[in-house]
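Because the structure is predicted, anything quoted here is derived from the model rather than measured. Throughout, a chain's letter reflects where its sequence line sits, starting with A, and its residues are numbered from 1.
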2 protein chains.
Amino acid sequence: MQIVHKTRTQLVAEAIREKILCGEIKAGEPLRQAALAQELNVSRIPVREALMQLEAEGLVNFEAHKGATASEISATQVAETFELRALLEAELLKHSIPNLTKSDFDVAEQHLLKLEKAMAKGDAMVATGELNTEFHNALYSGANRPQTFEIVASLNQNCSRYVRMHIMLAGGLETAPEEHRQILDLAKKGKIKKACEALKQHILAAKDDIQALLTKLEDEQ
Amino acid sequence: MQIVHKTRTQLVAEAIREKILCGEIKAGEPLRQAALAQELNVSRIPVREALMQLEAEGLVNFEAHKGATASEISATQVAETFELRALLEAELLKHSIPNLTKSDFDVAEQHLLKLEKAMAKGDAMVATGELNTEFHNALYSGANRPQTFEIVASLNQNCSRYVRMHIMLAGGLETAPEEHRQILDLAKKGKIKKACEALKQHILAAKDDIQALLTKLEDEQ
DNA sequence: GCTTTGTATTTTGTATACAGTCTACCAGTT
DNA sequence: AACTGGTAGACTGTATACAAAATACAAAGC
(Lines give C-alpha, C1' and ligand atoms only; values in the text may rest on other atoms or scores of the structure.)
Protein backbone atom coordinates (compact mmCIF):
# COMPACT_ATOMS: atom_id res chain seq x y z
CA MET A 1 0.00 0.00 0.00
CA GLN A 2 1.43 3.26 -1.14
CA ILE A 3 0.75 6.41 0.77
CA VAL A 4 -0.63 9.11 -1.43
CA HIS A 5 -0.23 12.78 -0.89
CA LYS A 6 -3.44 14.60 -1.61
CA THR A 7 -3.51 18.28 -2.38
CA ARG A 8 -6.08 20.47 -0.70
CA THR A 9 -7.73 20.94 -4.07
CA GLN A 10 -8.34 17.20 -4.32
CA LEU A 11 -9.65 16.96 -0.76
CA VAL A 12 -11.99 19.88 -1.33
CA ALA A 13 -13.22 18.36 -4.58
CA GLU A 14 -14.02 15.10 -2.79
CA ALA A 15 -15.83 16.92 -0.01
CA ILE A 16 -18.00 18.97 -2.33
CA ARG A 17 -18.63 16.01 -4.62
CA GLU A 18 -19.90 13.99 -1.71
CA LYS A 19 -22.10 16.85 -0.55
CA ILE A 20 -23.73 17.01 -3.95
CA LEU A 21 -24.08 13.28 -4.45
CA CYS A 22 -25.63 12.64 -1.05
CA GLY A 23 -28.05 15.50 -1.53
CA GLU A 24 -26.69 17.80 1.17
CA ILE A 25 -26.32 20.36 -1.58
CA LYS A 26 -29.42 20.37 -3.75
CA ALA A 27 -29.45 20.81 -7.51
CA GLY A 28 -29.45 24.44 -8.51
CA GLU A 29 -28.09 25.62 -5.22
CA PRO A 30 -25.31 28.21 -5.54
CA LEU A 31 -21.89 27.29 -4.18
CA ARG A 32 -20.22 30.32 -2.63
CA GLN A 33 -16.47 30.10 -2.76
CA ALA A 34 -15.86 32.04 0.43
CA ALA A 35 -18.39 30.02 2.43
CA LEU A 36 -16.96 26.70 1.27
CA ALA A 37 -13.44 27.91 1.92
CA GLN A 38 -14.25 28.90 5.48
CA GLU A 39 -16.20 25.72 6.15
CA LEU A 40 -13.36 23.52 4.91
CA ASN A 41 -10.70 25.73 6.43
CA VAL A 42 -8.78 26.48 3.26
CA SER A 43 -8.37 29.52 1.07
CA ARG A 44 -10.56 30.22 -1.93
CA ILE A 45 -7.97 29.08 -4.47
CA PRO A 46 -8.31 25.32 -3.88
CA VAL A 47 -12.07 25.76 -3.69
CA ARG A 48 -12.10 27.42 -7.10
CA GLU A 49 -9.92 24.70 -8.59
CA ALA A 50 -12.09 21.98 -7.07
CA LEU A 51 -15.22 23.61 -8.49
CA MET A 52 -13.65 23.71 -11.94
CA GLN A 53 -12.85 20.01 -11.70
CA LEU A 54 -16.39 19.26 -10.66
CA GLU A 55 -17.63 21.28 -13.60
CA ALA A 56 -15.57 19.05 -15.90
CA GLU A 57 -17.22 16.06 -14.22
CA GLY A 58 -20.61 17.60 -14.90
CA LEU A 59 -21.65 17.97 -11.28
CA VAL A 60 -21.39 21.74 -11.22
CA ASN A 61 -22.12 24.62 -13.55
CA PHE A 62 -19.64 27.44 -13.50
CA GLU A 63 -20.48 30.83 -14.96
CA ALA A 64 -17.88 33.56 -15.12
CA HIS A 65 -18.43 36.27 -12.52
CA LYS A 66 -21.60 34.59 -11.33
CA GLY A 67 -20.26 31.56 -9.56
CA ALA A 68 -21.01 27.88 -9.41
CA THR A 69 -24.25 26.00 -8.88
CA ALA A 70 -24.89 22.31 -8.40
CA SER A 71 -26.02 21.22 -11.84
CA GLU A 72 -29.62 20.25 -12.30
CA ILE A 73 -30.43 17.19 -14.29
CA SER A 74 -33.83 16.83 -15.86
CA ALA A 75 -35.60 13.57 -16.57
CA THR A 76 -34.64 13.79 -20.24
CA GLN A 77 -30.99 14.30 -19.36
CA VAL A 78 -31.04 11.29 -17.08
CA ALA A 79 -32.40 9.33 -20.02
CA GLU A 80 -29.55 10.48 -22.22
CA THR A 81 -26.98 9.59 -19.58
CA PHE A 82 -28.29 6.07 -19.19
CA GLU A 83 -28.58 5.52 -22.93
CA LEU A 84 -24.99 6.65 -23.30
CA ARG A 85 -23.99 4.23 -20.59
CA ALA A 86 -25.83 1.41 -22.30
CA LEU A 87 -24.05 2.14 -25.56
CA LEU A 88 -20.56 2.58 -24.11
CA GLU A 89 -20.68 -0.18 -21.51
CA ALA A 90 -21.85 -2.65 -24.11
CA GLU A 91 -18.91 -1.57 -26.24
CA LEU A 92 -16.55 -2.10 -23.31
CA LEU A 93 -17.96 -5.53 -22.60
CA LYS A 94 -17.71 -6.53 -26.24
CA HIS A 95 -14.02 -5.75 -26.33
CA SER A 96 -13.38 -7.09 -22.86
CA ILE A 97 -14.84 -10.59 -22.99
CA PRO A 98 -12.30 -12.09 -25.40
CA ASN A 99 -9.48 -10.97 -23.09
CA LEU A 100 -10.95 -12.08 -19.78
CA THR A 101 -9.16 -14.94 -18.05
CA LYS A 102 -10.48 -17.42 -15.54
CA SER A 103 -9.13 -15.34 -12.67
CA ASP A 104 -10.80 -12.23 -14.04
CA PHE A 105 -14.11 -14.04 -13.99
CA ASP A 106 -13.39 -15.21 -10.44
CA VAL A 107 -12.89 -11.60 -9.37
CA ALA A 108 -16.17 -10.62 -10.98
CA GLU A 109 -17.83 -13.58 -9.27
CA GLN A 110 -16.50 -12.39 -5.89
CA HIS A 111 -17.91 -8.94 -6.45
CA LEU A 112 -21.23 -10.38 -7.46
CA LEU A 113 -21.42 -12.56 -4.34
CA LYS A 114 -20.69 -9.58 -2.13
CA LEU A 115 -23.31 -7.63 -3.98
CA GLU A 116 -25.92 -10.38 -3.59
CA LYS A 117 -25.11 -10.68 0.11
CA ALA A 118 -25.51 -6.94 0.64
CA MET A 119 -28.77 -7.05 -1.26
CA ALA A 120 -30.07 -9.94 0.85
CA LYS A 121 -29.25 -7.93 3.97
CA GLY A 122 -31.41 -5.17 2.53
CA ASP A 123 -28.39 -2.99 2.10
CA ALA A 124 -29.47 -1.69 -1.26
CA MET A 125 -27.56 1.56 -0.91
CA VAL A 126 -24.16 -0.08 -0.94
CA ALA A 127 -25.22 -2.79 -3.38
CA THR A 128 -26.44 -0.34 -5.99
CA GLY A 129 -23.56 2.02 -5.41
CA GLU A 130 -19.97 0.96 -5.02
CA LEU A 131 -20.46 -2.79 -5.25
CA ASN A 132 -22.46 -2.43 -8.42
CA THR A 133 -19.77 -0.28 -10.00
CA GLU A 134 -17.05 -2.72 -8.95
CA PHE A 135 -18.86 -5.64 -10.51
CA HIS A 136 -19.44 -3.78 -13.74
CA ASN A 137 -15.83 -2.61 -13.88
CA ALA A 138 -14.55 -6.13 -13.29
CA LEU A 139 -16.40 -7.17 -16.41
CA TYR A 140 -14.74 -4.41 -18.42
CA SER A 141 -11.22 -4.99 -17.14
CA GLY A 142 -10.14 -6.71 -20.34
CA ALA A 143 -11.36 -3.99 -22.66
CA ASN A 144 -8.17 -1.97 -22.58
CA ARG A 145 -10.01 1.20 -23.50
CA PRO A 146 -9.04 3.83 -20.99
CA GLN A 147 -10.89 6.73 -22.58
CA THR A 148 -14.17 4.88 -22.88
CA PHE A 149 -13.75 3.60 -19.37
CA GLU A 150 -13.22 7.08 -18.01
CA ILE A 151 -16.25 8.50 -19.77
CA VAL A 152 -18.37 5.71 -18.36
CA ALA A 153 -17.02 6.33 -14.86
CA SER A 154 -17.87 9.99 -15.20
CA LEU A 155 -21.40 9.25 -16.43
CA ASN A 156 -21.92 6.90 -13.54
CA GLN A 157 -20.83 9.43 -11.01
CA ASN A 158 -22.99 12.05 -12.58
CA CYS A 159 -26.21 10.13 -12.20
CA SER A 160 -25.35 8.36 -8.98
CA ARG A 161 -27.27 10.84 -6.87
CA TYR A 162 -30.40 9.96 -8.82
CA VAL A 163 -29.72 6.30 -8.38
CA ARG A 164 -29.34 6.89 -4.64
CA MET A 165 -32.53 8.87 -4.57
CA HIS A 166 -34.30 6.10 -6.36
CA ILE A 167 -33.18 3.63 -3.74
CA MET A 168 -34.40 5.84 -0.95
CA LEU A 169 -37.81 6.40 -2.49
CA ALA A 170 -38.50 3.14 -4.26
CA GLY A 171 -36.23 0.65 -2.53
CA GLY A 172 -33.98 -0.02 -5.50
CA LEU A 173 -34.22 -2.20 -8.52
CA GLU A 174 -35.74 -5.58 -7.89
CA THR A 175 -34.56 -7.41 -10.95
CA ALA A 176 -30.97 -6.19 -10.98
CA PRO A 177 -29.36 -9.15 -9.14
CA GLU A 178 -30.70 -11.79 -11.51
CA GLU A 179 -29.72 -9.66 -14.47
CA HIS A 180 -26.18 -9.42 -13.15
CA ARG A 181 -25.95 -13.18 -12.77
CA GLN A 182 -27.26 -13.65 -16.28
CA ILE A 183 -24.76 -11.21 -17.79
CA LEU A 184 -21.85 -12.90 -16.02
CA ASP A 185 -22.93 -16.34 -17.17
CA LEU A 186 -23.26 -15.25 -20.78
CA ALA A 187 -19.84 -13.60 -20.62
CA LYS A 188 -18.26 -16.73 -19.19
CA LYS A 189 -19.67 -18.78 -22.03
CA GLY A 190 -18.20 -16.33 -24.51
CA LYS A 191 -21.59 -15.37 -25.86
CA ILE A 192 -20.53 -11.83 -26.57
CA LYS A 193 -23.54 -10.57 -28.45
CA LYS A 194 -26.05 -11.94 -25.98
CA ALA A 195 -24.08 -10.69 -22.99
CA CYS A 196 -23.90 -7.19 -24.45
CA GLU A 197 -27.58 -7.23 -25.25
CA ALA A 198 -28.41 -8.31 -21.70
CA LEU A 199 -26.17 -5.56 -20.33
CA LYS A 200 -27.91 -2.95 -22.45
CA GLN A 201 -31.30 -4.11 -21.28
CA HIS A 202 -30.07 -4.11 -17.70
CA ILE A 203 -29.01 -0.47 -17.93
CA LEU A 204 -32.04 0.66 -19.89
CA ALA A 205 -34.35 -1.00 -17.37
CA ALA A 206 -32.76 1.08 -14.63
CA LYS A 207 -33.25 4.11 -16.83
CA ASP A 208 -36.96 3.51 -17.24
CA ASP A 209 -37.39 3.01 -13.53
CA ILE A 210 -35.57 6.17 -12.52
CA GLN A 211 -37.05 8.24 -15.28
CA ALA A 212 -40.56 7.29 -14.22
CA LEU A 213 -39.80 8.37 -10.70
CA LEU A 214 -38.26 11.67 -11.81
CA THR A 215 -41.12 12.52 -14.13
CA LYS A 216 -43.53 11.90 -11.27
CA LEU A 217 -41.56 14.20 -8.99
CA GLU A 218 -41.37 16.93 -11.63
CA ASP A 219 -45.14 16.74 -12.18
CA GLU A 220 -45.85 17.04 -8.51
CA GLN A 221 -44.26 20.44 -8.37
CA MET B 1 -23.96 40.52 -31.80
CA GLN B 2 -23.40 40.47 -28.12
CA ILE B 3 -20.02 41.35 -26.76
CA VAL B 4 -18.69 38.64 -24.53
CA HIS B 5 -16.41 39.26 -21.65
CA LYS B 6 -13.70 36.67 -21.46
CA THR B 7 -11.76 36.00 -18.32
CA ARG B 8 -8.01 35.74 -18.48
CA THR B 9 -8.32 32.07 -17.66
CA GLN B 10 -10.38 31.51 -20.81
CA LEU B 11 -7.99 33.51 -22.97
CA VAL B 12 -5.01 31.62 -21.59
CA ALA B 13 -6.76 28.30 -22.16
CA GLU B 14 -7.40 29.23 -25.80
CA ALA B 15 -3.81 30.30 -26.30
CA ILE B 16 -2.33 27.12 -24.85
CA ARG B 17 -4.87 24.92 -26.63
CA GLU B 18 -3.90 26.44 -29.95
CA LYS B 19 -0.22 26.01 -29.19
CA ILE B 20 -0.76 22.33 -28.56
CA LEU B 21 -3.08 21.71 -31.50
CA CYS B 22 -0.85 23.44 -34.03
CA GLY B 23 2.19 21.58 -32.77
CA GLU B 24 4.06 24.55 -31.33
CA ILE B 25 4.07 22.60 -28.09
CA LYS B 26 4.95 19.00 -28.77
CA ALA B 27 3.42 16.00 -27.02
CA GLY B 28 5.17 15.20 -23.76
CA GLU B 29 6.64 18.64 -23.42
CA PRO B 30 6.35 20.11 -19.91
CA LEU B 31 4.29 23.26 -19.50
CA ARG B 32 5.89 25.50 -16.92
CA GLN B 33 3.36 27.72 -15.19
CA ALA B 34 5.73 30.61 -14.56
CA ALA B 35 7.02 30.63 -18.13
CA LEU B 36 3.54 30.61 -19.63
CA ALA B 37 2.42 33.29 -17.18
CA GLN B 38 5.25 35.59 -18.15
CA GLU B 39 4.82 34.94 -21.86
CA LEU B 40 1.10 35.70 -21.73
CA ASN B 41 1.57 38.52 -19.27
CA VAL B 42 -0.70 37.19 -16.53
CA SER B 43 -0.13 35.70 -13.12
CA ARG B 44 0.19 31.97 -12.51
CA ILE B 45 -3.36 31.56 -11.19
CA PRO B 46 -5.18 31.87 -14.54
CA VAL B 47 -2.49 29.69 -16.11
CA ARG B 48 -3.10 26.99 -13.53
CA GLU B 49 -6.84 27.16 -14.06
CA ALA B 50 -6.44 27.02 -17.82
CA LEU B 51 -4.19 23.98 -17.53
CA MET B 52 -6.77 22.22 -15.39
CA GLN B 53 -9.43 22.92 -18.00
CA LEU B 54 -7.19 21.56 -20.70
CA GLU B 55 -6.59 18.48 -18.60
CA ALA B 56 -10.36 17.93 -18.48
CA GLU B 57 -10.35 18.23 -22.27
CA GLY B 58 -7.63 15.61 -22.43
CA LEU B 59 -5.01 17.82 -24.03
CA VAL B 60 -2.83 18.04 -20.96
CA ASN B 61 -1.74 15.75 -18.16
CA PHE B 62 -1.50 17.29 -14.76
CA GLU B 63 0.41 15.62 -11.95
CA ALA B 64 0.42 17.07 -8.48
CA HIS B 65 3.70 18.76 -7.59
CA LYS B 66 5.20 17.74 -10.92
CA GLY B 67 3.38 19.98 -13.30
CA ALA B 68 1.61 19.69 -16.61
CA THR B 69 2.71 18.12 -19.87
CA ALA B 70 1.06 18.12 -23.26
CA SER B 71 -0.56 14.70 -23.36
CA GLU B 72 0.89 12.12 -25.68
CA ILE B 73 -1.44 10.02 -27.72
CA SER B 74 -0.27 6.69 -29.01
CA ALA B 75 -1.51 4.99 -32.15
CA THR B 76 -3.75 2.70 -30.12
CA GLN B 77 -5.28 5.63 -28.31
CA VAL B 78 -6.00 7.37 -31.57
CA ALA B 79 -7.76 4.21 -32.64
CA GLU B 80 -9.90 4.23 -29.54
CA THR B 81 -10.79 7.88 -30.00
CA PHE B 82 -11.93 7.36 -33.56
CA GLU B 83 -13.89 4.24 -32.70
CA LEU B 84 -15.63 6.15 -29.93
CA ARG B 85 -16.43 8.90 -32.40
CA ALA B 86 -17.83 6.38 -34.86
CA LEU B 87 -20.08 4.93 -32.19
CA LEU B 88 -21.28 8.21 -30.72
CA GLU B 89 -21.64 10.18 -33.94
CA ALA B 90 -23.70 7.39 -35.48
CA GLU B 91 -25.89 7.52 -32.39
CA LEU B 92 -26.28 11.28 -32.77
CA LEU B 93 -27.15 10.95 -36.45
CA LYS B 94 -29.69 8.23 -35.74
CA HIS B 95 -31.56 10.43 -33.30
CA SER B 96 -31.10 13.56 -35.37
CA ILE B 97 -32.40 12.54 -38.81
CA PRO B 98 -36.08 12.20 -37.83
CA ASN B 99 -36.03 15.75 -36.48
CA LEU B 100 -34.19 17.46 -39.32
CA THR B 101 -36.25 19.91 -41.38
CA LYS B 102 -35.72 21.07 -44.93
CA SER B 103 -33.91 24.16 -43.74
CA ASP B 104 -31.61 22.07 -41.54
CA PHE B 105 -30.62 20.07 -44.60
CA ASP B 106 -30.07 23.31 -46.50
CA VAL B 107 -27.66 24.47 -43.84
CA ALA B 108 -25.78 21.18 -44.02
CA GLU B 109 -25.73 21.51 -47.81
CA GLN B 110 -24.21 24.99 -47.52
CA HIS B 111 -21.48 23.71 -45.27
CA LEU B 112 -20.76 20.85 -47.60
CA LEU B 113 -20.50 23.19 -50.62
CA LYS B 114 -18.05 25.42 -48.74
CA LEU B 115 -16.10 22.34 -47.79
CA GLU B 116 -15.96 21.04 -51.33
CA LYS B 117 -14.89 24.45 -52.59
CA ALA B 118 -12.08 24.64 -50.06
CA MET B 119 -11.01 21.14 -50.96
CA ALA B 120 -10.96 21.98 -54.67
CA LYS B 121 -8.74 24.96 -53.89
CA GLY B 122 -6.39 22.52 -52.21
CA ASP B 123 -7.15 24.06 -48.87
CA ALA B 124 -7.30 20.75 -47.08
CA MET B 125 -6.32 22.22 -43.74
CA VAL B 126 -9.48 24.26 -43.36
CA ALA B 127 -11.65 21.67 -45.08
CA THR B 128 -10.65 18.87 -42.76
CA GLY B 129 -10.73 21.11 -39.72
CA GLU B 130 -13.44 23.63 -38.99
CA LEU B 131 -15.53 23.13 -42.09
CA ASN B 132 -15.59 19.40 -41.56
CA THR B 133 -16.73 19.81 -37.96
CA GLU B 134 -19.41 22.30 -38.97
CA PHE B 135 -20.82 19.94 -41.57
CA HIS B 136 -20.90 17.04 -39.15
CA ASN B 137 -22.48 19.16 -36.43
CA ALA B 138 -25.16 20.39 -38.81
CA LEU B 139 -26.16 16.78 -39.35
CA TYR B 140 -26.48 16.23 -35.61
CA SER B 141 -28.40 19.40 -34.86
CA GLY B 142 -31.68 17.54 -34.47
CA ALA B 143 -30.38 14.97 -32.04
CA ASN B 144 -31.09 17.00 -28.93
CA ARG B 145 -28.44 15.17 -26.96
CA PRO B 146 -26.22 17.76 -25.37
CA GLN B 147 -24.05 15.37 -23.36
CA THR B 148 -23.28 13.11 -26.29
CA PHE B 149 -22.64 16.14 -28.43
CA GLU B 150 -20.18 17.57 -25.94
CA ILE B 151 -18.26 14.32 -25.62
CA VAL B 152 -17.96 14.11 -29.38
CA ALA B 153 -16.75 17.71 -29.56
CA SER B 154 -14.13 16.94 -26.95
CA LEU B 155 -12.96 13.82 -28.76
CA ASN B 156 -12.70 15.76 -31.98
CA GLN B 157 -10.61 18.45 -30.42
CA ASN B 158 -8.40 15.90 -28.80
CA CYS B 159 -7.37 14.22 -32.02
CA SER B 160 -7.46 17.28 -34.24
CA ARG B 161 -3.71 17.77 -34.00
CA TYR B 162 -3.21 14.30 -35.46
CA VAL B 163 -5.67 15.03 -38.20
CA ARG B 164 -3.76 18.21 -38.99
CA MET B 165 -0.50 16.32 -38.96
CA HIS B 166 -1.96 13.79 -41.33
CA ILE B 167 -2.92 16.53 -43.75
CA MET B 168 0.56 17.98 -43.64
CA LEU B 169 2.28 14.69 -44.25
CA ALA B 170 -0.13 12.84 -46.47
CA GLY B 171 -2.24 15.58 -48.01
CA GLY B 172 -5.50 14.60 -46.35
CA LEU B 173 -8.16 12.07 -47.00
CA GLU B 174 -8.97 11.61 -50.64
CA THR B 175 -12.31 9.93 -50.35
CA ALA B 176 -13.83 12.13 -47.63
CA PRO B 177 -15.74 14.54 -49.91
CA GLU B 178 -17.67 11.84 -51.74
CA GLU B 179 -18.41 10.12 -48.45
CA HIS B 180 -19.84 13.34 -47.07
CA ARG B 181 -22.10 13.75 -50.06
CA GLN B 182 -23.28 10.18 -49.74
CA ILE B 183 -24.10 10.55 -46.03
CA LEU B 184 -26.06 13.71 -46.63
CA ASP B 185 -28.06 12.14 -49.45
CA LEU B 186 -28.93 9.08 -47.37
CA ALA B 187 -29.98 11.32 -44.48
CA LYS B 188 -32.20 13.41 -46.73
CA LYS B 189 -33.95 10.30 -47.98
CA GLY B 190 -34.57 9.24 -44.37
CA LYS B 191 -32.50 6.11 -44.74
CA ILE B 192 -31.34 6.22 -41.15
CA LYS B 193 -29.58 2.89 -40.91
CA LYS B 194 -27.66 3.28 -44.12
CA ALA B 195 -26.69 6.85 -43.32
CA CYS B 196 -25.37 5.83 -39.91
CA GLU B 197 -23.47 2.95 -41.41
CA ALA B 198 -21.90 5.23 -44.01
CA LEU B 199 -20.95 7.69 -41.29
CA LYS B 200 -19.29 4.98 -39.25
CA GLN B 201 -17.31 3.80 -42.25
CA HIS B 202 -16.34 7.38 -43.03
CA ILE B 203 -14.89 7.88 -39.55
CA LEU B 204 -13.24 4.47 -39.37
CA ALA B 205 -11.60 5.02 -42.75
CA ALA B 206 -10.01 8.18 -41.38
CA LYS B 207 -8.89 6.18 -38.38
CA ASP B 208 -7.12 3.56 -40.49
CA ASP B 209 -5.38 6.21 -42.50
CA ILE B 210 -4.10 8.15 -39.52
CA GLN B 211 -3.22 5.08 -37.54
CA ALA B 212 -1.11 3.75 -40.37
CA LEU B 213 0.79 7.01 -40.49
CA LEU B 214 1.31 7.09 -36.73
CA THR B 215 2.51 3.51 -36.55
CA LYS B 216 4.98 4.29 -39.29
CA LEU B 217 6.29 7.31 -37.41
CA GLU B 218 6.57 5.36 -34.15
CA ASP B 219 8.54 2.62 -35.89
CA GLU B 220 10.94 5.06 -37.41
CA GLN B 221 12.11 6.20 -34.02
C1' DG C 1 -46.23 54.50 -10.45
C1' DC C 2 -42.60 53.13 -13.60
C1' DT C 3 -38.21 53.39 -15.58
C1' DT C 4 -33.60 54.85 -15.30
C1' DT C 5 -29.35 56.00 -13.16
C1' DG C 6 -26.06 55.92 -9.53
C1' DT C 7 -24.09 53.81 -5.47
C1' DA C 8 -23.10 50.25 -1.87
C1' DT C 9 -22.41 45.56 -1.17
C1' DT C 10 -21.42 41.06 -2.33
C1' DT C 11 -18.99 37.86 -4.97
C1' DT C 12 -15.83 36.47 -8.26
C1' DG C 13 -11.22 37.06 -10.77
C1' DT C 14 -6.24 37.84 -10.48
C1' DA C 15 -1.68 39.35 -8.61
C1' DT C 16 1.64 38.75 -5.22
C1' DA C 17 3.95 36.38 -1.54
C1' DC C 18 5.11 32.49 0.92
C1' DA C 19 5.15 27.40 2.07
C1' DG C 20 5.71 22.68 0.64
C1' DT C 21 7.37 19.19 -2.56
C1' DC C 22 10.25 17.24 -5.96
C1' DT C 23 14.78 16.71 -8.36
C1' DA C 24 19.49 16.80 -9.13
C1' DC C 25 23.75 17.03 -7.46
C1' DC C 26 27.52 16.43 -4.18
C1' DA C 27 30.05 14.75 -0.13
C1' DG C 28 30.87 11.03 2.80
C1' DT C 29 30.79 6.08 3.65
C1' DT C 30 31.39 1.27 2.58
C1' DA D 1 32.36 2.20 -8.01
C1' DA D 2 27.89 1.89 -5.66
C1' DC D 3 25.07 3.55 -2.08
C1' DT D 4 23.22 6.66 1.47
C1' DG D 5 22.08 11.12 3.30
C1' DG D 6 21.82 15.74 2.91
C1' DT D 7 21.40 20.21 0.67
C1' DA D 8 20.23 23.85 -2.94
C1' DG D 9 17.45 25.20 -6.60
C1' DA D 10 13.34 24.91 -9.29
C1' DC D 11 8.76 24.40 -9.46
C1' DT D 12 4.24 23.69 -7.78
C1' DG D 13 0.51 24.47 -4.12
C1' DT D 14 -1.93 27.73 -1.21
C1' DA D 15 -2.91 31.96 1.58
C1' DT D 16 -3.59 36.68 1.49
C1' DA D 17 -4.67 41.04 -0.65
C1' DC D 18 -6.48 43.73 -4.10
C1' DA D 19 -9.17 44.63 -8.62
C1' DA D 20 -13.18 43.93 -11.39
C1' DA D 21 -17.64 42.43 -12.21
C1' DA D 22 -22.41 41.46 -10.86
C1' DT D 23 -26.21 42.34 -7.88
C1' DA D 24 -29.36 44.81 -4.90
C1' DC D 25 -31.22 48.76 -3.70
C1' DA D 26 -32.03 53.71 -3.21
C1' DA D 27 -32.57 58.16 -5.47
C1' DA D 28 -33.70 60.94 -9.49
C1' DG D 29 -36.33 61.81 -13.59
C1' DC D 30 -40.47 61.17 -16.42
Side-chain angles (χ1 to χ4, degrees), chain A residues 1-20 24-72 150, chain B residues 1-20 24-72 150:
Chain A
M1 181 66 183
Q2 210 173 353
I3 75 152
V4 278
H5 236 14
K6 286 192 181 172
T7 64
R8 293 193 205 288
T9 298
Q10 291 170 308
L11 293 170
V12 171
E14 284 170 24
I16 301 179
R17 187 186 296 120
E18 193 51 33
K19 272 177 197 281
I20 294 177
E24 191 179 326
I25 296 174
K26 281 172 218 124
E29 197 169 317
L31 302 165
R32 300 291 143 188
Q33 296 173 7
L36 287 167
Q38 192 172 13
E39 184 184 333
L40 300 169
N41 198 31
V42 295
S43 79
R44 270 176 48 223
I45 301 282
V47 173
R48 280 180 66 77
E49 295 189 349
L51 288 174
M52 297 187 73
Q53 270 189 230
L54 294 174
E55 160 155 68
E57 293 175 18
L59 286 173
V60 153
N61 285 337
F62 208 107
E63 243 181 311
H65 300 292
K66 296 195 182 173
T69 53
S71 65
E72 312 212 35
E150 201 159 307
Chain B
M1 181 65 184
Q2 209 173 351
I3 75 152
V4 277
H5 238 5
K6 285 193 181 170
T7 64
R8 286 173 207 259
T9 297
Q10 292 170 307
L11 293 171
V12 170
E14 283 171 23
I16 301 178
R17 187 185 296 121
E18 193 50 33
K19 272 177 197 281
I20 295 177
E24 189 179 327
I25 296 175
K26 280 171 219 126
E29 197 170 317
L31 302 165
R32 295 282 114 95
Q33 296 173 6
L36 287 166
Q38 192 172 11
E39 185 184 333
L40 300 168
N41 198 31
V42 296
S43 79
R44 270 176 48 223
I45 302 281
V47 173
R48 280 181 65 78
E49 295 189 350
L51 288 174
M52 297 187 73
Q53 270 188 232
L54 294 174
E55 159 155 68
E57 292 175 20
L59 287 174
V60 153
N61 285 338
F62 209 107
E63 244 180 310
H65 301 291
K66 296 195 181 172
T69 53
S71 65
E72 311 212 37
E150 202 158 305

Atom [atom1] of [X] and atom [atom2] of [N]: how far apart are they, to the nearest Å?
{"X": "R8(B)", "N": "dT12(C)", "atom1": "CZ", "atom2": "P", "value": "19 Å"}
{"X": "R48(B)", "N": "dG20(C)", "atom1": "CZ", "atom2": "C1'", "value": "13 Å"}
{"X": "I45(B)", "N": "dA17(D)", "atom1": "CD1", "atom2": "C1'", "value": "12 Å"}
{"X": "M52(B)", "N": "dT14(D)", "atom1": "CE", "atom2": "C1'", "value": "13 Å"}
{"X": "H65(B)", "N": "dG20(C)", "atom1": "NE2", "atom2": "P", "value": "11 Å"}
{"X": "R32(A)", "N": "dT23(D)", "atom1": "CZ", "atom2": "P", "value": "10 Å"}
{"X": "L11(A)", "N": "dA15(D)", "atom1": "CG", "atom2": "P", "value": "11 Å"}
{"X": "Q33(A)", "N": "dG13(C)", "atom1": "CD", "atom2": "C1'", "value": "8 Å"}

V60(B) versus Q53(B): any side-chain heavy-atom pair under 4.5 Å? no
Short side-chain N/O contact to [N] OP1/OP2 from [X], under 4.0 Å:
{"X": "K66(B)", "N": "dT23(C)", "value": "yes"}
{"X": "T9(A)", "N": "dG13(D)", "value": "no"}
{"X": "T7(B)", "N": "dT12(C)", "value": "no"}
{"X": "S43(B)", "N": "dA15(C)", "value": "yes"}

Would you compute the distance between atom CD1 of I16(B) and atom CG of L59(B) and round it to the nearest 0.5 angstrom? 10.5 Å
Nearest 0.5 angstrom please: I25(A) CD1 to E18(A) CD, how far? 10.5 Å
E29(B)/K19(B) ion pair, N-O < 4.0 Å: no
Answer with base, sugar-phosphate or nothing: what part of the nucleic acid does L31(B) contact at a heavy-atom distance below 4.0 Å? sugar-phosphate
Of the nucleotides dA22(D), dT14(C), dG13(D), which one has an atom closest to the side chain of R44(A)? dT14(C)
Please report the shortest heavy-atom distance between H5(B) and Q10(B), naming the atom on each side. O-OE1, 4.1 Å
